[in-house]
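Report on one structure; see the data block that follows.
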Amino acid sequence: MAIAEWREQLKRGEVSARELVDEQLDRINQIDPTMHAFLDVTGDRARADADRIDEARSAGQTLPPLAGVPIAIKDNLCTKGITTTCSSRMLEDFVPPYESTVTERLWNSGAILIGKTNLDEFAMGSSTETSAFGATFNPWDLSRVPGGSSGGSAAAVASGECLAALGSDTGGSIRQPASFCGVVGLKPTYGRVSRWGLIAFASSLDQVGPFTNSVADSAEILQVIAGADPKDSTCLNAAVPDYSASLFDSVKGLRVGLIKECFDHEGLASEVKESVLAAAVQLESLGAEITEVSCPRFNDGIATYYVIAPSEASANLARYDGVKYGYRSEGAENLASMTARSRAEGFGSEVQRRILIGTYALSAGYVDAFYKKAQQVRTLIRGDFENAYKKVDVLLTPTSPTTAFKAGDHVDDPLSMYLSDLLTIPANLAGLPAISLPCGFDEKGLPIGLQLIGNVLDEKRLLSVAHQFEQVADVKAIHPKGHFIP
Amino acid sequence: MSQINSEDVRKVAQLARLDLPEEAVEKYTSQLEKILGYVAQLEKVDTEGIQPTTRAVEVVNVAREDNTLKTDERESLLALAPQREGDFFRVPKILSD
């Protein structure tokens, strides 16, 4: 159900907020024991919030835009009084004393917290298998991964456990799971959305964004969470346009660039390539002009990212010392050994691996060869995009080189897992907004996602192109229902 | 970019305050070798004279009025401590014998 449709139903009194919440909780009870999208279901709070909304409606009060919309929140966003674990033993018992800005804005707009969703530990991973509390599975095929790191949020929206969810995206952690689960995932421009209360991973890359069933719903959520925040000085002080009002802005004459290096990549599955190229033809039928552009350094994105992100992570995660909050190892003789043991026991292996890579890349004698070099290549990748946007308005690529892979496929080979983020990482390195939306299915019936990358702060255009593509493509109509979780 | 060996990993683990068992050091060494081997492709990119990017989207200094805000979080923050003593965080002894 679309958020706009829900708003009408609530307004007309056809369905109460309490009925919707109860229905969602039933759905969660039915499917989550096998799919495991949620780490915590906040049923009591959700029912109480829904009752308050129903009372406000009965009393004739004007309801806020997201009144009664059940939303799931990735468990790396702090929710006051509700355990926020980052899917890590390190934060297993962490109850934040404050609320993140994005969630506060959602609750102020009437949205209801339905639960906290699973992720790869500290958002490091592409399959939601590195969670310390067990993996999440893909609702289209429970033997497969939902993608990651925001796999819980993607699976929850895809399977109808909530109307929308929030995730975070450092190298593709919203878009890749959205693609694997057949939903819409938006990573806004770096700084478009406040990160106050988002547990930091890589600060020059992290951004919060929505998972929804439709592009129009993404526009509604972005509307609420975007905009300057006095608590986050990296949040841009730029006006927030009316995203919903511009969804039908004409795409006639819009210049869409296909990034040559993506489509030529040997790792790209042929079914994915064909589906995305067919989507380009559909965009053409809407009046868009399709051209090919070159971003020569695009395929250096992963190497660049796997220096910069772990370096920043190693600094950000230095705060977990077993002193002020988080896990502490018992029985250590002194402070230094207590900290070193707490970190060895509290962090899982993917997190430790990235801390080691980052510490190595930043250590004396290596910082120029690794960190500075990666930052320079990052400049070249940004330059490629700047040149491309002189010729085109938006860029089109597949979101992921493949559809959802089998659980366990990459767990013993971290590098092969990293390579699955090939197509999403460059937008993070350049700070650009990008959206993933369904464009078809492979022959196994698994969803394929396309990615549109916009220029800085061009979410408005990105959403309008995506919305109109969604209308003509009508991907849900070709949905091979047989495979989907019942 | 030279090859990483288990001695490097032990040293880095110490810098990163990770008390790793020997089998973990061995496992991470072979994985890091592979990952850093992949990252080494950056060496081939000509970056002569290229400015490093620290932030993709330029941010400006944000100034605000220097107002005092009262927060009432002392108790809730202290309550998160693995071990506390009154209004202090308790830790094992700091200096070794």
Side-chain angles (χ1 to χ4, degrees), chain A residues 94-95 97-98 189-191 204 230 233-234 236-237 297 300 302-304 306-307 314 321-328 332-341 343-344 347 349 352-353 355-357 359-360 363 369-370 372-380 382 414-415 418 429-431 456, chain B residues 1-2 4 8-9 11-21 24 27-28 31-32 34-57 59-62 64 71 73 75-83 89-97:
Chain A
F94 175 60
V95 181
Y98 66 101
T189 303
Y190 180 79
S204 79
S233 60
T234 66
L236 300 170
N237 189 13
R297 299 261 69 90
D300 287 317
I302 295 176
T304 306
Y306 277 98
V307 175
S314 73
D321 57 4
V323 174
K324 298 179 292 300
Y325 58 98
Y327 176 81
R328 176 187 289 195
E333 281 174 12
N334 58 49
L335 180 64
S337 102
M338 183 277 283
T339 294
R341 278 205 225 162
R343 290 164 63 80
F347 290 137
S349 59
Q352 293 186 358
R353 202 153 35 236
I355 290 173
L356 291 169
I357 298 169
T359 308
Y360 183 69
S363 60
F370 286 102
K372 190 180 166 205
K373 183 81 184 179
Q375 286 184 310
Q376 289 174 310
V377 179
R378 186 175 183 182
T379 305
L380 295 175
R382 285 173 64 198
L415 181 62
Y418 298 172
L429 291 171
V456 173
Chain B
M1 295 185 192
S2 54
I4 192 164
D8 296 325
V9 171
K11 196 180 120 198
V12 169
Q14 201 186 358
L15 290 172
R17 300 287 184 272
L18 286 168
D19 184 5
L20 299 180
K27 186 185 75 178
Y28 288 143
Q31 291 171 339
L32 261 59
K34 233 176 133 180
I35 295 162
L36 294 170
Y38 178 82
V39 163
Q41 67 173 265
L42 297 179
E43 284 173 31
K44 289 183 231 135
V45 184
D46 181 5
T47 52
E48 188 67 39
I50 302 294
Q51 284 297 315
T53 291
T54 48
R55 280 187 199 285
V57 178
V59 287
V60 288
N61 260 334
V62 181
R64 60 165 173 80
T71 59
E73 287 169 352
E75 184 48 41
S76 56
L77 292 171
L78 277 164
L80 290 169
Q83 228 189 333
F89 296 108
R90 193 181 167 88
V91 293
K93 67 178 174 184
I94 294 171
L95 298 171
S96 305
D97 295 325

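Residue numbering restarts at 1 for every chain, and letters A, B, ... go by the order of the sequence lines. Values in this document were obtained by computation on a predicted structure and should not be read as measured data.
Most heavy-atom pairs under 4.5 Å with chain B, from the set A/V323, A/I355, A/V307: that is A/V323. Contact tally against chain A (heavy-atom pairs below 4.5 Å) for B/L18, B/I94, B/V9: the top residue is B/L18. Here A/I302 is the residue among A/T189, A/I302, A/T339 with the most heavy-atom pairs under 4.5 Å with chain B. Contacts with chain B were tallied for A/A374, A/S337, A/S363, A/S349; A/S349 has the most, counting heavy-atom pairs under 4.5 Å. When each of A/L335, A/V95, A/V456 is checked for heavy-atom pairs under 4.5 Å with chain B, A/L335 comes out on top. Options B/V62, B/V45, B/I35 differ in how many heavy-atom pairs under 4.5 Å they form with chain A, and the most are formed by B/V45. The choice from A/T234, A/D321, A/N237 that makes the most heavy-atom pairs within less than 4.5 Å of chain B is A/T234. Ranked by heavy-atom pairs under 4.5 Å with chain A, the list B/R90, B/K11, B/Q14 is led by B/R90. Here A/P97 is the residue among A/P97, A/A336, A/S204 with the most heavy-atom pairs under 4.5 Å with chain B.
Heavy atoms from other residues, nucleotides or ligands lying under 6.0 Å from CD of B/E73 number more than 12. Within a 6.0 Å radius of CZ in A/R328, other residues, nucleotides and ligands contribute more than 12 heavy atoms.
For the pair B/R64 and A/P230, the minimum side-chain heavy-atom distance is 4.5 Å or more. Side-chain contact check for A/I357 versus A/F370: every heavy-atom pair is 4.5 Å or farther apart. Residues B/L32 and A/Y360 are not in side-chain contact: their nearest non-hydrogen atoms beyond the backbone lie 4.5 Å or more apart.
If you measure heavy-atom distances from B/R55 to chain A, the contacts under 4.5 Å come from both the backbone and the side chain. Within the 4.5 angstrom heavy-atom criterion, atoms from both the backbone and the side chain of A/L356 approach chain B. Heavy atoms of B/D46 lying under 4.5 Å from chain A belong exclusively to its backbone. With a threshold of 4.5 angstrom between heavy atoms, A/R382 approaches chain B through side-chain atoms but not through N, CA, C or O.
With respect to A/T379, the side-chain hydrogen bond (donor to acceptor under 3.5 Å, both in side chains) criterion is satisfied by exactly one of B/T53, B/T54, B/T47: B/T53.
Listed here is the closest heavy atom pair of B/A81 and B/F89: CB-CD2, 3.4 Å. A/G431 and B/V57 get closest at one heavy-atom pair: O-CG2, 3.8 Å.
Aromatic ring centres of A/Y418 and A/Y306: separated by under 6.0 Å.
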